[in-house]
Amino acid sequence: MDLISRVRELARNMWWTWHPNVIAVLRDIDPTLWRKLNHNPISFVKQLPREQVEARAAELALDARVNHVFHRLKEYLETHDAWGDVYGGPLRATPVAYLSAEFGLHESLPIYSGGLGILAGDHLKSASDLGIPVVGIGLLYAQGYFNQRLDANGWQQESYSGTDIGNLPMEPALCRNGKPVRVRIKTRSETVHVGVWRIEVGRSSLLLLDSDVAENSDAVRQLTGRLYGGDERVRIMQELILGVGGMRALKAVGLAPGALHLNEGHCAFAPLELARQEMEEDGVDFHRAMRRVRDRTAFTTHTPVEAGHDRFNAGLVEDVLGPLRDELRLAPDEFMALGRVNPRDGGEPFCMTVLALKAARKSNAVSALHGRVSRQMWQGLWPDRAVTEVPIGHITNGVHVASWIAAPVETVLDTYLGAGWKKKMYLPETWASAGAIDDAELWEAHQVVKTRLLTYMLRHVCDREEGHGNEQTCRLATERLDTDALTIGFARRFAPYKRGDLILADAERLARLVTDPKRPIQIIFAGKAHPNHEDGKRLIQRIYRLTRDERLQGRIVFLDDYDINVGRHLVQGCDLWLACPRRPREACSTSGMKALYNGVLNMSILDGWWAEAYDGECGFAYGGGRQHADDGRQDERDATDLYRVLEETVIPMYYDKDAQGIPREWVKRAKYAMRRLGWRFNADRMLMEYARECYLPMVGATSIDGIGGGYAR
Ligand SMILES: *Cc1c(COP(=O)(O)O)cnc(C)c1O
């Protein structure tokens, strides 16, 4: 095989996305083109002139490097002694089907919007590393999520760029007879034909459903066009395709799921379709079929915010799911009751979360606090139980470390934790020696990554079109951004409960902190607002205006078009990662975990993961874990405390540097955070909890020890 064919082969499995050696080879061939193509190796290989590759080959020792990573991939795919290979048992023949409306695997595959998708992507990657057989099922959005630009008034503008399907690392999924899979789903008003793509993510596979096929009308072809882009009808149709289409696709490729994992309520029609298949194959009635399906269904709920739970009216449900309801032999009211808290309330809409909770044997929230909040929220479904007895547990989210850690920091960890640390990062012992890391080594690694972030940011800011005063921002940022200044990162969706503007509450106080001649702070913001949410766009606009304030311009920066790439730079290169959720609305949050593994300190309200992670020394907390019935009062109190902790603790600690320029106390906290939290907030630990609590019992495997669980019930 020649060099180019090997690179092409590497590009076909998304394994490369978490292997810096592969990324380095690609980048080194032509860094500018690599960046320009948004790190898409398939378009990259297509556009690279062969002569250039050959010319660079000798100079870069490309042959040897490509061969090396190529063999690592082969070795990886043939691993047989990872945790899941040993304990996975019957899952090998009947894998976990993991359904999610979004998957965030890499910036070059834009089928995610935020945390939910990133979590799903990390889930597949960790399942692959651990050898736990998981098949992902999602939708291929031909136009993905929107691209964000801000206009001269700081108002978010959305645009959709068509994804070039030929440049995505996927193939049509095939039936056992070798033909491409086609799935058909009937509604009362149309038949939807669905094509299915297959993507390899290390040892995991991902099936993506796509309604953009020739047999469909134009309107149907556009159903899977955009992520969260349409009205209610588009939404329920997407959910029909995901849940019902997903189960049919799985069957068509010859897979019988041993366990079904619903990642959020969007995919909750899947158990109904599985029940229909049981009825058809075994002649059992609906209730019996549902009991069987329920025995192998797990559901993860992701938000305590009301708007995050899809609800549909009876007319729409009947029009879209009528044919399925007929086959399940249920009356309209019986069907609606599956999605109602109170089955006898004829006026209650159909809620996907309710359906999921009823259809699953195991339901879980995504942090301990979110578990408590969810039990309260859904107590109505179990009216004769006390809140504490509501059967919703929790499995705290984690991140796929190899996807988020910066190479220089990883090298330091290799030295101190031992080369194999990534294979057992779920064990506390693995992190025991984090305290022994040499301060200077960690600090220097961090400074390298931070410089890279600032360079990236300047390029990003300066590349933006003319006008908008961007030249001035570019000039001032170039002058003012300082690798020695405390750099605070805040990047997340601009949902009001995340309070992206909390630090703006007292503009004068903030300005003093930013322009302090001795101990300045600089802030980098990024994040998208949902296209239909004016509140979120107003938050962005407030921040944008601040970035145009002459004193602050170039010191407070808004990076537009937040995505995995922007996110990766930020969580790796900032000094402090800030979170401001209005407790207890943040179910978990994962960006702070990514920061943790990079030696970046967290500062957050005690909500989501931080409520269970914070122990007084592993970073900073503010707000005291308090809540107030009045949002305004809560915001005021939290903002005051945010400034106080920044001024009294964070800024002095950061600037307390010794003769070598190392802030000893700060670095000590970063190391302490890794030692105490490193084993808990990675996706391997999360996967193993899902395996132990849900997947393995569902396939009747004997229970196993070896990992401490946080599953509440
Ligand atoms: C990690 C990540 C998120 C989720 O961050 P939260 O802290 O949960 O808000 C969202 N978007 C991107 C691009 C991310 O990388």
Side-chain angles (χ1 to χ4, degrees), residues 17-18 38-39 100-123 125-126 144-148 227-228 263-264 300 302-305 308 365-367 369-370 396-406 453 460 488-500 502 524-530 536 539 559-574 576-583 585-598 600 602-605 607-611 613 619 681-683 686:
T17 60
W18 69 95
N38 200 22
H39 312 147
S100 179
E102 28 174 320
F103 283 90
L105 289 157
H106 187 255
E107 56 267 25
S108 61
L109 183 62
I111 55 170
Y112 64 92
S113 83
L116 181 74
I118 308 290
L119 183 80
D122 281 6
H123 197 98
K125 291 172 181 173
S126 264
Y145 198 49
F146 70 91
N147 292 111
Q148 178 196 50
L227 174 55
Y228 306 143
N263 189 42
E264 193 53 306
T300 304
H302 284 272
T303 178
V305 177
V366 289
S367 72
L369 177 58
H370 180 224
T396 303
N397 289 340
V399 296
H400 184 254
V401 174
S403 295
W404 298 104
I405 194 169
L453 163 67
H460 192 113
I488 302 179
F490 182 99
R492 37 184 52 88
R493 285 184 300 119
F494 276 89
Y497 80 86
K498 290 186 183 255
R499 299 191 297 190
L502 194 70
I524 311 173
F525 286 98
K528 294 174 177 177
H530 188 286
L539 287 180
L559 283 184
D560 61 13
D561 220 14
Y562 182 42
D563 70 352
I564 289 181
N565 186 34
V566 173
R568 196 190 303 111
H569 275 99
L570 284 171
V571 296
Q572 294 178 345
C574 289
L576 184 76
W577 193 250
L578 179 66
C580 313
R582 193 180 286 133
R583 180 179 153 117
R585 313 282 214 294
E586 186 66 272
C588 181
S589 185
T590 54
S591 54
M593 302 175 189
K594 302 168 195 166
L596 157 74
Y597 289 102
N598 283 289
V600 171
N602 277 279
M603 172 169 184
S604 173
I605 290 283
D607 197 8
W609 79 291
W610 201 236
F681 296 102
N682 60 79
M686 171 179 76

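Counting starts at 1 for both ligands and their atoms, following the listed order. We use all heavy atoms of the structure for the numbers below, so side chains are in, but hydrogens, waters and symmetry mates are not.
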Under 4.0 Å from one or more heavy atoms of I118, ligand 1 contributes atoms 2 (C), 12 (C), 14 (C), 15 (O)
Exercise. Indicate whether the side chain of Y228 and that of E102 have a donor and an acceptor atom separated by less than 3.5 Å.
Key: yes
Note: K594, heavy atoms under 4.0 Å from ligand 1, region reported as side chain
Numbered in order shown, the ligand 1 atoms found under 4.0 Å of a heavy atom of R492 are 7 (O), 9 (O)
Before we go on, tell me: are the rings of F681 and W609 under 6.0 Å apart, centre to centre?
yes
- Ion pair present between R582 and D607, side-chain N to carboxylate O less than 4.0 angstrom? no
Exercise for review: Give yes if a backbone or side-chain nitrogen or oxygen of E586 is under 3.5 Å from a nitrogen or oxygen of ligand 1, and no if not.
Suggested key: no
The answer for which part of T590 has a heavy atom under 4.0 Å from ligand 1 is both
min-distance protein heavy atom vs atom 9 (O) of ligand 1 -> K498 NZ, 2.9 Å
> When you check the side-chain N and O atoms of D560 and H460, is any donor under 3.5 Å from an acceptor?
Replying inline: yes
A student comparing S113, A495, S589, G527 should find that the heavy atom closest to atom 6 (P) of ligand 1 comes from S589
Atom 12 (C) of ligand 1 has as its nearest protein heavy atom Y562 OH, 3.3 Å
- Query: Is a donor on one side and an acceptor on the other found under 3.5 Å between the side chain of N598 and the backbone of A406?
  - Reply: yes
Note: ligand 1 atoms sitting under 4.0 Å from heavy atoms of W404 are 15 (O)
Quick look: V566 vs ligand 1, heavy-atom contacts under 4.0 Å, and the answer is neither
Can you label the angle between the H400 ring and the W18 ring as parallel, tilted or perpendicular, going by 30° and 60°? perpendicular
In terms of its nearest heavy atom to atom 7 (O) of ligand 1, the top option of S591, C588, S403, S604 is S591
For atom 10 (C) of ligand 1, the closest protein heavy atom turns out to be G115 N, 3.5 Å
Between S113 and K528, is any side-chain donor less than 3.5 angstrom from a side-chain acceptor?
no
For D563, the atoms of ligand 1 under 4.0 Å from one of its heavy atoms are 13 (C)
- Message: Whether the W610 and S589 side chains hold a donor-acceptor pair (N or O, under 3.5 Å, no angle test) is what I'd like checked.
- Response: no
Taking only non-hydrogen atoms of G114 and a 4.0 Å limit, the atoms of ligand 1 in range are 10 (C), 11 (N)
Q | E107 side chain to D563 backbone, donor-acceptor under 3.5 Å | A | no
